[in-house]
Amino acid sequence: MKTIRWGIIGVGDVTEVKSGPAFYKSTNSQLVAVMRRNGDKAKDFAQRHGVARWYDDGEALINDSDVDVVYIATPQYAHKDYALQAAAAGKHVYSEKPMALNYNECQQMIEACEQAGVSLWVGYYRRSLPRFLKIKELIEGGAIGDVVGVTTRIFRPTSVQPNTPRDQLQWHFIPEYSGGGQVLDVGCHQIDLLNFYFGNIVEVQGFAANQSGLYPVVDSASAAFRFESGLMGSATWCFTAGVEVDETVIVGTKGQLSFAVFVPSPFTLTTAAGTQTIDLGYPAHVHQPMVESIIAELNGEGRCPSTGTSAAHASWVFDQILAGGKSA
């Protein structure tokens, strides 16, 4: 197997533990270059992680002849432009999620990569984690019978203080940088996971609002949806709550599965035989199983389960939700 050589654009918090080390700890994989607009921080990351080269310009990294795959770990407003540049340079693309600000940008990324003959993957890494693959196995194995409904919900407190000036807000809270704030940034993982389990959502009705007025992007949303199989489900997100709730419940004709999407706590399988607790945590670097699937695909020995096409559908769902409902 050949060694896959990676370059990272945007070495921020997510690359310190969740993703970055996966590129040099995986077999047949090498992290050869990193980039951050702040050159001193790019250099610091490179030195701490043993990376040979660092840049303060994304185009320079993309044009590095030693880079085979560009991992785009910037805020989502920059995903499309870097992906198009990488495709034009003949480089494969691994983009963070959400794939882009909206579905239209996702389609531009897909088209550019297809025309350039390069692959496009997106970091919905839960599709590769043992915890979530076990849940999929239980569903498909009939552990809870035929699935009749699914609900998912997230409630979290806010970190934003009242009257915080716009120029002091983190990028997640600015519409032009985040698209849909934490509703999109967090919720896209849940929607993609449900698409992975049950096939794509094909119809959705949603509402989104800024209920708190603490920042200029939405802070709450709810949706009802139907999958291509006919299965129906619902979702709720709120990021100004006084409590933390992370719960997805899948109900079948013979029982139910209940689990958290963002916390690696034990999940439960409840049937007529009782309640079974299953404890499968996260690996040290949550992106690593997916990174390994990309390496395998590039070596002709497997497939990555999160493609540009599958990821774009999660963005399509959120375009419908963020557009809001209609009133009389």
Side-chain angles (χ1 to χ4, degrees), residues 6-26 29 31-38 40-51 54-56 58 61-62 67 69-83 86 92-101 109 120-129 131-132 154 156 159 169-174 177-193 239 246 261-264 281-294 304 306 308 311 314-315:
W6 302 80
I8 302 177
I9 293 180
V11 281
D13 290 344
V14 73
T15 61
E16 284 293 344
V17 177
K18 294 176 70 175
S19 61
F23 300 111
Y24 57 80
K25 289 187 176 182
S26 297
S29 182
L31 179 58
V32 299
V34 297
M35 172 268 171
R36 187 164 176 167
R37 286 180 298 177
N38 183 317
D40 289 338
K41 291 184 177 180
K43 179 180 179 181
D44 175 66
F45 184 97
Q47 291 176 337
R48 288 185 293 103
H49 291 268
V51 182
W54 58 271
Y55 299 96
D56 59 7
L61 180 141
I62 288 168
V67 172
V69 187
V70 177
Y71 168 46
I72 304 169
T74 65
Q76 47 262 35
Y77 75 91
H79 290 182
K80 183 198 75 173
D81 288 346
Y82 280 131
H92 301 293
V93 177
Y94 180 41
S95 173
E96 261 300 339
K97 57 85 231 162
M99 184 172 164
L101 289 175
M109 292 166 68
L120 171 60
W121 305 281
V122 180
Y124 285 113
Y125 56 80
R126 284 170 176 79
R127 288 180 175 235
S128 293
L129 291 183
R131 169 186 175 84
F132 297 102
I154 291 287
R156 290 182 183 173
S159 60
L169 290 170
Q170 186 187 34
W171 67 267
H172 290 92
F173 305 108
I174 305 297
Y177 295 155
S178 67
Q182 291 175 295
V183 169
L184 172 59
D185 192 54
V186 172
C188 66
H189 267 303
Q190 295 158 275
I191 293 300
D192 179 76
L193 188 63
F239 294 91
D246 176 353
V261 173
F262 297 94
V263 182
Y282 290 169
H285 313 295
V286 291
H287 276 257
Q288 189 161 348
M290 181 158 285
V291 168
E292 291 172 346
S293 76
I294 292 173
C304 175
S306 181
S315 293

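Small disclaimer: the values here were computed from a predicted structure and weren't measured.
Formation of a donor-acceptor pair under 3.5 Å by the H285 side chain with backbone atoms of V17 is found in this model. H189 contributes no side-chain N or O that, together with a main-chain N or O of Y124, makes up a donor-acceptor pair within less than 3.5 Å. A donor-acceptor pair is defined here as one N or O able to donate and one able to accept, closer than 3.5 Å; such a pair exists between the side chain of S19 and the backbone of V14. Judged purely by atom type and a 3.5 angstrom limit, T15 has no side-chain atom pairing as donor or acceptor with the backbone of G20. No donor-acceptor distance shorter than 3.5 angstrom exists from the side chain of H172 to the backbone of Q182, with no hydrogens or angles considered. At least one donor-acceptor pair closer than 3.5 Å links the side chain of Q76 to the backbone N or O of S178.
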>> I'd like to know whether R156 forms a side-chain contact (heavy atoms from CB on, under 4.5 Å) with V186, so could you lay out the CA-CA distance, the side-chain angles of the two residues, the decisive distance to 0.1 Å, and finally the verdict.
In response: CA-CA 11 Å; R156 290 182 183 173; V186 172; 3.6 Å; yes
If you apply the rule side-chain contact (heavy atoms from CB on, under 4.5 Å), what do you find for K80 with M99, and how did you get there? CA-CA 8 Å; K80 183 198 75 173; M99 184 172 164; over 6 Å; no
**OP:** Could you give me the CA-CA distance, side-chain angles and deciding distance for V69 and W121, then say whether side-chain contact (heavy atoms from CB on, under 4.5 Å) is met?
**Re:** CA-CA 10 Å; V69 187; W121 305 281; 4.3 Å; yes
Subject >> Intermediate values then yes/no, side-chain contact (heavy atoms from CB on, under 4.5 Å), Y125 and V291 >> reply: CA-CA 9 Å; Y125 56 80; V291 168; over 6 Å; no
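The nearest pair of heavy atoms linking S95 to H79 is OG-ND1, 3.4 Å. Of all heavy-atom pairs between V67 and A33, the closest is CG2-CB, 4.3 Å. Shown here for R126 and L193, the closest heavy-atom pair between the two residues is CB-CD1, 4.2 Å. Between A100 and M109, the shortest heavy-atom distance links the atoms CB-SD, 3.9 Å. Residue A314 comes nearest to C188 through the heavy atom pair CB-O, 4.3 Å, listed as atom of the first residue, atom of the second, then distance. In terms of heavy atoms, P289 sits closest to S128 at CB-O, 3.5 Å.
Taking a 6.0 Å sphere around CZ of R37, one finds it holds 12 or fewer heavy atoms contributed by other residues, nucleotides or ligands.
Exactly one of V122, I62, V93 qualifies for a side-chain contact (heavy atoms from CB on, under 4.5 Å) with I72. That residue is V93. If you run side-chain contact (heavy atoms from CB on, under 4.5 Å) between V34 and each of F45, Y55, W6, only F45 comes through.
You'll find the side chain of Q190 reaches within 4.5 Å of the side chain of F262, heavy atoms only.
A salt bridge is defined here as a Lys NZ or Arg NE, NH1 or NH2 lying under 4.0 Å from an Asp or Glu carboxylate O, and R127 with D192 meets this definition.
Going from atom CG of L61 over to atom CD1 of I9 covers 5.5 Å, rounded to the nearest 0.5 Å. The line from CH2 of W54 to CD1 of I8 is 15.5 Å long, rounded to the nearest 0.5 Å. Atom CG of L129 and atom CD of Q288 lie 11.0 Å apart (nearest 0.5 Å). In this structure, I191 CD1 and K97 NZ are separated by 13.0 Å, a value rounded to the nearest 0.5 Å. The line from OH of Y282 to NZ of K18 is 8.5 Å long, rounded to the nearest 0.5 Å.
A donor-acceptor contact under 3.5 angstrom links the side chains of E96 and Y71, judged on distance only.
A perpendicular orientation is assigned to the rings of Y94 and F23, their planes being inclined by more than 60° (bins at 30° and 60°).
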